[in-house]
4 protein chains.
Amino acid sequence: MMFMVKIITRKVKDIEPLENALLIEGLPGIGHVGRLAAEHLVHEFKGEKFLELFCYDFPPQVLVKDDGTIEYMCAEFYAIREPKPMIVVLGNTQALSPIGQYHLAEEIVKIGIEYGANFVYTLGGFGVGKLCEEVKVYGATTSKELAKKLKEHDILFRTDGGGIVGAAGLMLMFADLNGIPGICLMGETPGYLIDPNAAKAVLEKFCKLENIEINMEELEKRAKGMEQFIEKIKKFEEEMLKAAQAKPPSEEDLRYIG
Amino acid sequence: MMFMVKIITRKVKDIEPLENALLIEGLPGIGHVGRLAAEHLVHEFKGEKFLELFCYDFPPQVLVKDDGTIEYMCAEFYAIREPKPMIVVLGNTQALSPIGQYHLAEEIVKIGIEYGANFVYTLGGFGVGKLCEEVKVYGATTSKELAKKLKEHDILFRTDGGGIVGAAGLMLMFADLNGIPGICLMGETPGYLIDPNAAKAVLEKFCKLENIEINMEELEKRAKGMEQFIEKIKKFEEEMLKAAQAKPPSEEDLRYIG
Amino acid sequence: MMFMVKIITRKVKDIEPLENALLIEGLPGIGHVGRLAAEHLVHEFKGEKFLELFCYDFPPQVLVKDDGTIEYMCAEFYAIREPKPMIVVLGNTQALSPIGQYHLAEEIVKIGIEYGANFVYTLGGFGVGKLCEEVKVYGATTSKELAKKLKEHDILFRTDGGGIVGAAGLMLMFADLNGIPGICLMGETPGYLIDPNAAKAVLEKFCKLENIEINMEELEKRAKGMEQFIEKIKKFEEEMLKAAQAKPPSEEDLRYIG
Amino acid sequence: MMFMVKIITRKVKDIEPLENALLIEGLPGIGHVGRLAAEHLVHEFKGEKFLELFCYDFPPQVLVKDDGTIEYMCAEFYAIREPKPMIVVLGNTQALSPIGQYHLAEEIVKIGIEYGANFVYTLGGFGVGKLCEEVKVYGATTSKELAKKLKEHDILFRTDGGGIVGAAGLMLMFADLNGIPGICLMGETPGYLIDPNAAKAVLEKFCKLENIEINMEELEKRAKGMEQFIEKIKKFEEEMLKAAQAKPPSEEDLRYIG
């Protein structure tokens with residue numbers, strides 16, 4: 001099997017493949033809506049991490065944690081068995097290049113199917129640039145039958161001619177190319193905040209569609225934690241920027257020496 | 001067979017290969033001239049879609065349609081049997097990178113030959129930045145004999161030293177490298193409008209060269225529909241831009257979280 | 001054999017491999033010095049074209065000639081047998097990306113060796129940003145012995161710590177990695193003109209080093225022809241720019257339609 | 001074995017593999033801290049060069065030395081046997097693209113393991129944008145046990161949520177993926193100077209952790225040499241810039257001719 005953009009995986013735990021599982025995507029995106037919603041599923045339904053995925057088109061770095069250990073740029077696969085089989089994919093990054101995004105989406109769908117998925121959900125935000133009093137949830141799907149089902153659940157269709165960029169869009173395409181259906185749920189979000197409200201709205205529609213229940217209490221708390229972390233990164237970046245501006249060395253200085 | 005930029009296909013319908021068919025390219029380009037002209041051929045001659053092509057260097061997204069279903073970035077192959085065998089390639093995108101454009105052009109020519117093509121036509125616009133009262137049609141080709149034929153049909157030769165960028169140019173090169181001839185027809189166009197006049201002028205020359213007839217009535221109507229669609233996309237993009245400017249999050253916010 | 005950036009060749013003529021030939025690079029570069037010098041060698045010594053090379057990282061386009069036929073972006077290999085065996089590589093482009101430049105340089109050296117080369121010359125300009133009354137020629141090479149030889153021929157060494165970018169530099173590296181020596185000759189040039197004086201100076205040093213003679217009469221005439229061609233391209237680009245500015249369509253308009 | 005970004009090596013000397021060696025990274029980076037420290041190790045412990053590595057994603061150029069010979073962009077592997085087995089990797093560049101950085105880091109770790117390494121150290125600077133009176137040394141590592149050890153040696157942990165970019169970070173990831181531990185040591189540095197103080201601080205911590213001794217006398221002298229070299233490059237670049245601004249030719253002029 002050849003990947004144009006190399007992708008490798010590390011098995012964290014041997015698990016029995018699931019049956020008729022939902023593959024659920026929660027990579028970072030606008031308002032962190034999808035990631036927040038997917039993380040909540042993992043938390044509430046006690047998802048078990050079984051696989052890590054590393055893509056050579058992720059940002060070329062590692063993150064340093066407060067305890068001195070490092071965190072890799074990766075996507076993690078979690079298995080959930082109750083209330084219904086799910087494989088949830090969390091991650092701290094998307095692929096950087098267009099080609100990398102195609103390969104990443106294809107590989108995630110392939111792994112999902114290998115572990116028993118036969119349906120794909122991608123969760124995300126739909127940035128509207130202003131605060132939303134009541135969060136609308138938009139959907140898009142691989143077939144007219146599913147579109148009808150979405151409509152019955154009061155999920156709206158966008159009429160803006162726009163697209164769904166990144167894994168949330170491409171995983172639906174690769175689902176279809178692999179013969180399984182898929183749905184994307186997008187919660188309206190200002191786009192510049194970690195948005196637990198949009199995540200909640202998306203999860204509510206998801207649960208109704210799948211006829212399951214989930215406790216939302218911890219969702220807001222988790223959003224707070226994520227917000228603090230991102231604030232910290234932002235501050236770090238600003239300081240790095242200041243440092244870099246102290247006396248800007250030429251790019252070549254940093255890149256090579258004789 | 002290895003592709004450096006991965007390209008996959010999906011057979012939509014089993015068809016008998018054609019014989020001595022023309023392979024006709026109508027991917028998006030300036031004034032949408034080529035796409036409009038090629039689409040008109042498919043419509044008037046009842047082209048039958050038999051193959052879809054997906055390139056991992058297309059924009060990493062899917063498009064959302066008003067009915068809630070999604071449209072993939074792809075190129076579609078249509079077979080026409082009468083008035084003469086043709087394989088028409090329509091698409092909603094070109095490849096993004098130079099390397100991707102080479103691989104895409106090569107693969108389209110290869111598929112065309114596989115299904116019976118032995119001649120390539122690429123159709124496009126030649127942007128001149130102003131309205132054209134009478135649309136001139138320019139040509140370029142893989143041999144001096146064909147150049148003579150173009151001249152006999154009052155098709156002009158550019159003398160600007162410029163090039164033909166993208167699939168319209170590279171498919172001629174790969175035609176030649178595969179031992180079959182090719183012609184590019186370019187209709188003068190302002191370049192900033194969907195231009196049915198240029199498409200009509202290109203089609204007229206094409207029909208004369210190939211000694212076929214085609215009804216042009218629907219062409220203008222089709223251009224209107226395409227214009228509306230593009231207006232919608234433009235409006236969407238403007239709103240997204242406004243949303244993005246409400247409070248610009250750093251790129252890193254959107255790209256990864258800890 | 002796998003290339004990461006695909007490169008293909010087309011044999012134009014069957015030739016007997018040369019023996020102990022010089023592989024001489026004349027791809028476009030600053031002042032077109034190398035290309036001009038190499039083209040002069042091909043012309044004066046009646047080089048015979050035997051191979052064309054196409055790299056998928058060349059600009060994704062074809063050029064239109066005044067007679068309606070097209071010219072591909074490519075590198076051409078010419079065989080010269082007298083006054084001494086040479087393989088000269090002319091081209092109308094370099095590779096676009098860093099990775100492409102490595103693969104292109106490697107492949108040219110590989111082909112050269114296959115056809116009998118055991119020494120590499122790369123010819124180019126050394127831009128100094130001002131007119132040069134007397135053109136100095138700088139050299140760089142793969143061994144101390146050859147450096148000594150260059151010095152004996154009054155070829156200067158740069159002491160600026162700078163590099164040789166593109167094929168002219170990388171072909172020396174791949175020569176060395178393949179166990180054969182190489183020399184780069186660089187003629188001082190303002191850098192913004194087609195510079196036959198620099199080409200002449202480079203050729204003179206080359207001829208002395210190789211103990212051959214060459215008639216320089218046609219060199220200046222050839223430079224004039226090249227200058228006119230480039231003027232034409234420049235004018236074309238300016239008009240295209242004006243056209244593009246008439247009413248700038250968004251990039252998305254041109255790239256895809258629904 | 002397939003590399004997406006081609007990497008090749010050249011054996012300079014046959015050596016016996018080491019046992020339980022430390023693999024130590026010293027590629028260029030902020031303040032040249034890592035490179036300076038690693039070079040000092042090679043010098044003081046009489047490292048023996050045994051391998052050169054060339055990556056097709058290095059800058060596409062060669063460097064010209066004052067004696068007329070050329071230096072390739074490459075990474076060099078040195079073997080040290082006393083006071084303890086080490087494989088030190090020096091280089092004059094990092095890979096240019098994210099994907100290249102992944103492949104380079106993976107390949108260096110793979111070669112290190114092949115020659116007997118079972119532990120990775122990456123050495124670098126931590127830019128703070130101002131002069132540091134007393135240089136603090138920060139660490140990051142692949143396990144909690146090692147983090148504890150770092151703490152015992154008064155090595156600090158960053159709490160900024162930032163990352164370690166390039167080989168210094170990714171080599172730790174590939175160490176872990178290959179089942180061996182790794183440590184990154186970062187010396188505080190203004191970031192815009194060649195910083196022997198930071199290199200010294202990093203080496204001191206390294207020596208304490210590994211229970212070895214090293215003479216620091218030559219370190220500062222070596223930093224001076226490196227500084228002069230970089231000054232020369234900078235001056236060269238400024239002159240090139242002036243030359244380029246004399247009359248800026250269009251990019252197309254330089255890139256291809258007809």
Side-chain angles (χ1 to χ4, degrees), chain A residues 2-10 52 54-74 92-93 95-97 99-100 103 228-258, chain D residues 2 4 28-30 32 35 59 63 65 71 73 91-103 105-106 127-130 138-144 146-148 150-151 155 157-166 169-170 172-173 176-177 184 190-192 226 229-230 233-234 237:
Chain A
M2 184 183 63
F3 295 105
M4 292 300 101
V5 171
K6 196 169 170 184
I7 294 175
I8 55 177
T9 56
R10 170 158 71 170
E52 293 170 341
F54 306 88
C55 172
Y56 287 44
D57 192 36
F58 282 162
Q61 62 181 23
V62 298
L63 302 176
V64 183
K65 292 191 282 192
D66 291 5
D67 68 355
T69 63
I70 55 181
E71 175 186 325
Y72 310 124
M73 307 313 289
C74 77
N92 51 12
T93 185
L96 293 177
S97 75
I99 293 179
H103 284 287
Q228 280 161 15
F229 183 83
I230 286 178
E231 276 308 312
K232 198 166 67 174
I233 290 186
K234 223 182 275 180
K235 212 178 134 199
F236 168 70
E237 281 164 0
E238 279 160 17
E239 273 170 29
M240 283 304 92
L241 193 65
K242 261 188 283 177
Q245 288 167 338
K247 180 176 170 254
S250 81
E251 193 185 328
E252 279 71 18
D253 279 20
L254 299 182
R255 221 171 55 203
Y256 63 82
I257 61 173
Chain D
M2 184 185 62
M4 292 300 101
I30 193 155
H32 294 299
R35 158 88 194 214
L63 301 177
K65 290 191 284 193
E71 175 186 327
M73 306 314 288
N92 51 12
T93 185
Q94 297 244 3
L96 293 176
S97 75
I99 293 179
Q101 291 183 48
Y102 271 90
H103 285 287
E106 181 181 34
V128 294
K130 56 177 184 203
Y138 291 87
T141 180
T142 50
S143 74
K144 292 197 176 170
L146 282 170
K148 206 179 141 207
L150 294 181
K151 213 169 182 181
I155 292 164
F157 298 153
R158 288 162 50 183
T159 54
D160 51 35
I164 305 172
V165 177
L170 294 176
L172 294 190
M173 185 180 104
D176 193 13
L177 288 173
C184 175
Y192 49 82
M226 207 183 277
F229 183 83
I230 286 178
I233 289 185
K234 224 182 275 181
E237 281 163 1

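We name chains A, B, ... by the order of the sequence lines, and we start the count at 1 in each one.
The parts of T141(D) that come within reach of chain A are both its backbone and its side chain, each placing non-hydrogen atoms under 4.5 angstrom from that chain. Proximity to chain D is limited to the side chain of F54(A), based on heavy atoms less than 4.5 angstrom apart. Proximity to chain A involves both the backbone and the side chain of I164(D), based on heavy atoms less than 4.5 angstrom apart. With a 4.5 Å cut-off on non-hydrogen atoms, C55(A) touches chain D through its backbone but not through its side chain.
In this structure the side chain of K151(D) reaches within 4.5 angstrom of the side chain of F157(D), judged on heavy atoms.
Listed by chain and number, the residues in a side chain to side chain donor-acceptor pair (under 3.5 Å) with Y56(A) are E106(D) (sequence neighbours excluded). Checked against side chain to side chain contact (heavy atoms under 4.5 Å, CB included), P98(D) has the following partners two or more places apart in sequence or in another chain: P60(A), L96(A).
Of the listed residues (I8(A), D57(A), V64(A)), the greatest number of heavy-atom pairs within a distance under 4.5 Å of chain D belongs to V64(A). Comparing A140(D), C184(D), S97(D), A147(D) by heavy-atom pairs within less than 4.5 Å of chain A, the highest count is held by A140(D).
Once rounded to the nearest 0.5 Å, the distance linking OH of Y72(A) with CG of L172(D) reads 7.0 Å.
Checked for salt-bridge contact, K65(A) and D67(A) miss the test: no charged N lies under 4.0 Å from a carboxylate O.
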